[in-house]
Amino acid sequence: MLKGKKIAFFVTGGIAVYKAVDLMRELIKKGAEVKVAMTPSAAQFVSPLTFQVLSKHKVHIDTFDEETPEVVNHIHLADWADASMVAPLTANTLAKLAHGLADNFVTSALLATTSPIFTVPAMNGNMYDNEATQLNSQLLRGRGIYVMEPDTGFLAEGYSGKGRFPEKERIVEEFEYFLRKQNTTLPLTGKKVLVTAGGTKERIDPVRYLTNNSSGKMGHAVAEAAWQLGADVTLVTASSLSTRSQIKRVSVESALEMHSAVDRYFNETDVLVMSAAVSDYTPESTSDQKMKKQDQLTLSLKKNPDILKEMGSKKRANQYLVGFAAETEKLEEYAQQKLLNKQADMIVANDVGKKDRGFDSDDNEVIFFTHDHEPKVIQLKKKESIAMDIMHWVADHLEGN
Ligand code: PMT
């Protein structure tokens, strides 16, 4: 979502400036190009050199420091940015933004900004609660500027209150959500995507189960890619990996639980992606108590429902069904069989016999099998990138898209 985005990062003067360094690094890690401007008081807390070294761009502080006659720096930064973030935002700069003041580099650039602006207020709790600050926040929100709610907790003053700079993870998540909302032309906007992930666990007794090597990385990456492309996403997962709060998460353990969750949401779903490694079998009976050691133990297994196949049999024409094929041999032959047998629109086949891909790896190499196109090989790369390719393919081939 932030990959290739040009972000103007504005820093104003509060104790949370030291946390802004880490936040800026997170934006860069996620692929954004960041240029920084600071108020003179922000520069009292952390040296501009810190931001310059990490962003690899000159940091702007003085409006009249115009080293190149061809450009006016604060206007140039405003025009350059795809989006702006102000973090931390002090009560003082918040008030200036609300009333259109332009008395330093930061406020002048922000007044000239026409792209989306996201702000992270951080200040003393009493300053935050003050009616003036609250009214100023409302003014900004009314103009489409995003004003985050600060955290409540221990403040620099030594007492608790609302005004703390939030954790960078929450800031980035809300920032991405804000940016996604600005873009109404994403290819899956308005579509409901249901994704399954992880390896199911089939209970033998309260402490033992049958499972497989699936980590859930592939399925969680698919859910995230669908979300980034604008979809309304439900993730049915047997994995403990995290998900952003805007993705509806349904945690399950067994294949039967996964089956009933998928069945519950399938009717209202436009796209189902079955990335989960669903156990084909489950113990015929589960012991309520831990089973005692015996000389020999024979487990009797019964078949689990084939979720993909069942959804394939009741799929409507405008629903798009993606299955995976996890194979260790005859990848193409078995994938083609699954495409037909399960009435899927697409099978993403992967070789799970190699260590550098498939189960539990960060990378994967896959082949897309569909009814109307030649198989398409996606070379070994990060699962996040494979997931994007899958969801772009789906968006391009979804009826009515
Ligand atoms: O989770 P990771 O560690 O990131 O690993 C990713 C992965 C290897 C698990 C993933 O890329 C993958 O291949 N997922 C499908 C695993 C699997 O169960 O494949 P299969 O060939 O056995 O099943 C074919 C399809 O039928 C799959 O879409 C599966 O979800 C579905 N199925 C299988 C059995 C069953 N009872 N019900 C099903 O719906």
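Note that ligands are numbered from 1 as they come in the structure, with each ligand's atoms numbered from 1 the same way.
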Test item: side-chain donor near acceptor, Asp372 and Thr370, under 3.5 Å
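Checked: Asp372/Thr370 side chains show no N/O donor-acceptor pair below 3.5 Å.
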Gln134-Gln138 side chain donor-acceptor pair, cut-off 3.5 Å
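No, because no side-chain N or O of Gln134 sits under 3.5 Å from a partner of the opposite role on Gln138.
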Looking only at atom types and distance, does a side-chain atom of Asp351 sit under 3.5 Å from a main-chain N or O of Gly353, one as donor and one as acceptor?
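Judged by distance alone, yes, a pair lies under 3.5 Å.
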Can you see which heavy atom on Val106 is nearest to which on Met38, and at what distance?
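Shortest heavy-atom contact: CG2-C, 3.6 Å.
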Quick test of your reading of the model: are Glu173 and Arg170 salt-bridged, counting only N-O distances below 4.0 Å?
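Salt bridge absent between Glu173 and Arg170.
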Just jot down the side-chain contact (heavy atoms from CB on, under 4.5 Å) partners of Ser279, sequence neighbours excluded, or say none.
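Partners of Ser279 under the side-chain contact (heavy atoms from CB on, under 4.5 Å) test: Thr200, Glu202, Asn304.
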As a test of reading the model: which residues have a non-hydrogen atom less than 4.0 Å away from ligand 1?
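Heavy-atom contacts below 4.0 Å: Ser214, Ser215, Gly216, Lys217, Met218, Met274, Ser275, Ala276, Ala277, Val278, Ser279, Asp280, Pro305, Asp306, Ile307, Leu308, Gly323, Phe324, Ala325, Ala326, Lys338, Lys342, Asn350, Val352, Gly358, Phe359, Asp360, Asn364, Lys383.
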